[in-house]
Amino acid sequence: MGIDTIAEILTFIRNANMNGKQIVKIPSTTITEKIIKLLLQEGFLENVRKHQENEKHFLVLTLRQRKIKKRPFMNILNLKQISRPGRRIYCKSKTIPRILGGIGIVILSTSHGILTDREARLEGIGGEILCYIW
């Protein structure tokens, strides 16, 4: 993995989503495991399992799909990275953005760990905005 692990995770998932693949294999780190755990809790992923090859750990993700009339199954997942290594974006608890009126989620890195926007608002803490997912 390169310097920006969050961007690489989002790109792996976005590319698999655009190509119609249901299964994605990404390298496992502590931050990727926390973000994927939030995606699983919020219902954007169907299943996650750990896999090991040659002493390297991977996460195997199963993307959620839906049936559209007269078309094959289509993935429904949009991801956008906000903070980058060269430009960090921070917000207070009262200024955390709402994505599509609360349908999407904002993933934040806070002093209490990596949280969704709903959890951060409940705890009354702000932090660095990592990405939007809808």
Side-chain angles (χ1 to χ4, degrees):
M1 298 212 33
I3 296 171
D4 193 5
T5 57
I6 296 170
E8 289 183 5
I9 302 169
L10 298 177
T11 302
F12 285 143
I13 295 172
R14 190 181 307 114
N15 288 343
N17 187 23
M18 288 187 332
N19 288 331
K21 300 197 184 228
Q22 189 175 5
I23 296 176
V24 183
K25 186 169 98 172
I26 61 171
S28 177
T29 63
T30 55
I31 194 164
T32 58
E33 289 178 8
K34 291 177 183 179
I35 291 174
I36 297 304
K37 181 181 173 187
L38 288 176
L39 288 176
L40 185 63
Q41 286 176 351
E42 293 291 326
F44 290 105
L45 300 175
E46 280 187 27
N47 190 12
V48 176
R49 62 186 165 90
K50 285 189 174 184
H51 183 66
Q52 182 177 358
E53 289 180 10
N54 301 330
E55 298 181 15
K56 292 185 180 179
H57 297 278
F58 294 95
L59 294 173
V60 179
L61 315 175
T62 306
L63 302 177
R64 187 169 297 281
Q65 297 181 335
R66 68 175 178 173
K67 178 78 172 159
I68 296 180
K69 294 180 184 178
K70 299 180 184 175
R71 280 201 250 165
F73 285 98
M74 186 174 116
N75 296 320
I76 48 167
L77 189 61
N78 294 309
L79 307 117
K80 182 177 181 183
Q81 182 186 11
I82 303 303
S83 283
R84 301 182 194 295
R87 183 172 184 220
R88 306 288 185 184
I89 307 293
Y90 297 95
C91 68
K92 297 179 182 177
S93 64
K94 296 186 183 199
T95 60
I96 297 173
R98 293 185 188 270
I99 306 301
L100 295 177
I103 295 173
I105 63 170
V106 177
I107 295 182
L108 299 159
S109 177
T110 67
S111 59
H112 294 213
I114 295 179
L115 303 174
T116 63
D117 56 341
R118 292 180 197 101
E119 295 169 345
R121 280 191 202 98
L122 286 175
E123 292 185 21
I125 55 175
E128 179 185 354
I129 300 175
L130 298 178
C131 60
Y132 296 157
I133 301 171
W134 70 95

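Excluded from the calculations below are hydrogen atoms, water molecules and symmetry mates; all remaining heavy atoms, backbone and side chain alike, are included.
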Residue list, side chain to side chain contact (heavy atoms under 4.5 Å, CB included) with [X], at least two apart or on another chain:
X      : answer
Asn15  : Thr11, Met18
Ile99  : Val106, Tyr132, Trp134
His112 : Thr110, Leu115, Glu123, Ile125

Among residues two or more places apart or on two chains, list those pairs meeting salt bridge (charged side-chain N to carboxylate O under 4.0 Å, His left out) that have a residue in [range].
range            : value
residues 100-109 : none
residues 29-54   : Lys25-Glu53, Glu33-Lys50, Glu42-Arg118
residues 102-114 : none

*Among His51, His57, Gln52, side-chain contact (heavy atoms from CB on, under 4.5 Å) partner for Ser28*: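 That would be His57; it is the only one of His51, His57, Gln52 passing the side-chain contact (heavy atoms from CB on, under 4.5 Å) with Ser28.
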
Is [Y] close to [X] at the side-chain level, that is, under 4.5 Å between some pair of heavy atoms?
X      : Y     : answer
Ile105 : Phe44 : yes
Asp4   : Leu10 : no
Thr5   : Pro27 : no

*Mind checking salt bridge (charged side-chain N to carboxylate O under 4.0 Å, His left out) for Arg14 and listing every partner two or more places apart, or none if nothing turns up?*
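Arg14 satisfies salt bridge (charged side-chain N to carboxylate O under 4.0 Å, His left out) with no residue once adjacent residues are dropped.
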
Please round to the nearest 0.5 Å and tell me the distance separating atom [atom1] of [X] and atom [atom2] of [Y].
X      : Y      : atom1 : atom2 : answer
Ile35  : Ile6   : CD1   : CD1   : 4.5 Å
Arg64  : Asn17  : CZ    : CG    : 13.0 Å
Thr116 : Leu108 : OG1   : CG    : 8.0 Å

Same cluster (ILVMFWY, side-chain, under 4.5 Å), [X] and [Y]:
X     : Y     : value
Leu45 : Phe58 : no
Leu39 : Val60 : no
Ile31 : Ile13 : yes

_Pairs meeting criterion side-chain hydrogen bond (donor to acceptor under 3.5 Å, both in side chains) with involvement of residues 84-101, two or more places apart_ =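 Qualifying pairs, neighbours excluded: Gln81-Arg84, Arg88-Glu128.
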
*Any donor-acceptor pair under 3.5 Å linking the side chain of Ser83 with the backbone of Ile129?*
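Indeed, once roles are kept as given, a pair shorter than 3.5 Å links the two residues.
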
_Shortest non-hydrogen contact between Pro97 and Asp117, atoms and distance_ =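 Heavy atoms of Pro97 and Asp117 come nearest at O-OD2, 3.9 Å.
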
